[in-house]
Every structure is written in structure tokens, then in C-alpha cells.
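Since the structure comes first, as C-alpha cells, the remarks are kept for the end.
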Amino acid sequence: MIERWKPETHIFHLPFGEVTLTLQDIQFLFGFPAPKDFSGTSCLYIRALVKYIQQQAVQDPITDDTPDDRVQGMARLYMLLILGAIQFSNTSGNRLSLRFLYFIIDLDETGTYNWGSAVLAYLYHCLCQIFIEGKKLGGFVPLLQVWIWERVLPFRSIPKCIVRVEPLMSYGRKWTR
């Protein structure tokens, strides 16, 4: 699929026509409700962060009596991991950019950002970098995989069984094939 990406138009050119990811796909497939600035060069090792989170969960698990500042601190660490290692992954293999710290300072504000637009724009950027600079694929690759599975007809299969589906559940959560 990657070899069919055209960076000039941001479209996949397939034998049966042209297709592209849209903001509707982001919302429809993953239920995402844009960061302001993507500058910064500081990094953190993903494995170190995961190890720290695991140690904290064992040594001092969060309970109903845990102070709010500790709960928020751990929530920020999880969000940093999700943003830097999953939704905005890079090709470094084990490094996570700290540029996302700015967006998780105020947890009430974090949910108001248009993350879907940012994820889509970054995925487009990563796809273009493959052709321009010969880099490896980065970005939110599960979005590309689910989108290909759900939206590009030759790749679709017939579901084996129908599962109970909540009306507002995104396709990414319904995916049981």
C-alpha cells in the first residue's frame, strides 16, 4: 500500500481509483474527538518510561486514597506514552519526543485539542517522508491499517460473527475480524 502513496496529492493511487484518509475516517474509525506547535528536540527512552510506570504501579498503586497530584502525574505519563509512542510514533525505535509535555500540562485543556487532525497530518507527513527522504513509516500506523481494512474494498473480509455494538463505538473498537 505504501508504494501507491503519492506525496504530491496525498492520495493512494490504486488500480480501481484514488483513495485517501480524511478527518471523517479518523473520527469514524477511532473516535478521536492539533497540537499547536511541534517544535522541540528533547527525547525520552520509551522502555525507560514503561519500566518506570510499571514500577510505580507495583510499588505505589493508585487507590481511592491516592492524592490527586499523584493521580494526575501518572495520567500525564500514560498520556505522554500514548501520544509519543503510539499516535505520533517516529522511526527512532525507542525514543519519545518530549514536545507533547506542553499539551498535557492542563489535563482539562488536553481533551479540547483536535487530536484527530494532528494525527492525520502527522501520518501524511510520515508517508511523504518515505518518498522524499526514504525514511521508514512512522505516525499512527494502526489508523492506516484499520482504514485499509475498512475503506479499501479489495482488502475487506466478511465478518465471521456479529458482536453487540454500542451505537457510538468507533470502528477501531468494533474490529473483531
Side-chain angles (χ1 to χ4, degrees), residues 10 20-129 137-151 163-176:
H10 295 151
T20 194
L21 288 154
T22 65
L23 285 174
Q24 179 188 22
D25 294 315
I26 298 272
Q27 183 179 14
F28 193 66
L29 298 173
F30 280 90
F32 280 131
K36 298 171 185 135
D37 180 21
F38 279 102
S39 62
T41 57
S42 299
C43 291
L44 179 69
Y45 286 104
I46 295 170
R47 288 184 199 110
L49 179 60
V50 170
K51 186 177 178 180
Y52 177 78
I53 291 172
Q54 289 172 338
Q55 287 173 345
Q56 291 299 307
V58 171
Q59 292 172 358
D60 188 14
I62 293 178
T63 65
D64 290 340
D65 300 326
T66 304
D68 282 346
D69 59 334
R70 172 152 166 65
V71 173
Q72 290 183 7
M74 291 305 292
R76 285 185 182 93
L77 287 177
Y78 279 112
M79 285 185 233
L80 179 64
L81 187 62
I82 290 168
L83 290 171
I86 299 171
Q87 294 177 343
F88 296 94
S89 65
N90 57 41
T91 57
S92 70
N94 187 32
R95 287 184 299 216
L96 170 130
S97 174
L98 296 180
R99 64 185 173 207
F100 303 105
L101 286 174
Y102 172 80
F103 303 103
I104 57 177
I105 292 170
D106 182 356
L107 295 180
D108 293 327
E109 189 74 16
T110 301
T112 66
Y113 296 133
N114 188 351
W115 292 109
S117 295
V119 166
L120 182 60
Y122 186 68
L123 181 60
Y124 275 10
H125 170 75
C126 290
L127 287 167
C128 291
Q129 291 302 307
L137 180 60
F140 191 39
V141 177
L143 167 64
L144 186 60
Q145 293 170 325
V146 172
W147 175 79
I148 290 168
W149 190 259
E150 289 292 337
R151 299 289 194 167
V163 256
R164 188 177 80 78
V165 177
E166 298 172 24
L168 299 176
M169 183 185 295
S170 66
Y171 268 99
R173 286 193 52 217
K174 295 176 192 177
W175 204 33
T176 58

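We use all heavy atoms of the structure for the numbers below, so side chains are in, but hydrogens, waters and symmetry mates are not.
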Nearest non-hydrogen partners of Cys126 and Gly139, listed with the distance | SG-N, 3.6 Å
To the nearest 0.5 Å, tell me how far Leu107 CG sits from Met79 CE.
-> 4.5 Å
Please report the closest heavy-atom contact between Val141 and Gly138, naming both atoms and the distance.
-> CG2-O, 4.0 Å
Going from CG on Asp60 to CD on Gln55, what distance comes out if it is rounded to the nearest 0.5 angstrom?
-> 12.5 Å
Supply the atom-to-atom distance Leu120 CG to Asn114 CG, rounded to the nearest 0.5 angstrom.
-> 10.0 Å
Does any non-hydrogen side-chain atom of Arg47 lie less than 4.5 Å from one of Lys51?
-> no
In Å, rounded to the nearest 0.5 Å, how long is the span from CG of Leu137 to CG of Asn90?
-> 11.5 Å
When rounded to the nearest 0.5 Å, the distance separating OG of Ser89 from CD1 of Ile82 is 13.5 Å
Would you say Phe103 and Thr110 make side-chain contact, with heavy atoms under 4.5 Å?
-> no
Roughly how far, to the nearest 0.5 Å, is the CD atom of Gln145 from the CZ atom of Phe140?
-> 9.5 Å
Are Leu81 and Ile46 side-chain neighbours, meaning at least one heavy-atom pair lies under 4.5 Å?
-> yes
What pair of heavy atoms forms the shortest contact from Arg76 to Ile105, and how long is it?
-> NH2-O, 2.7 Å
Do you know the tightest heavy-atom contact between Pro61 and Thr66?
-> O-OG1, 3.8 Å
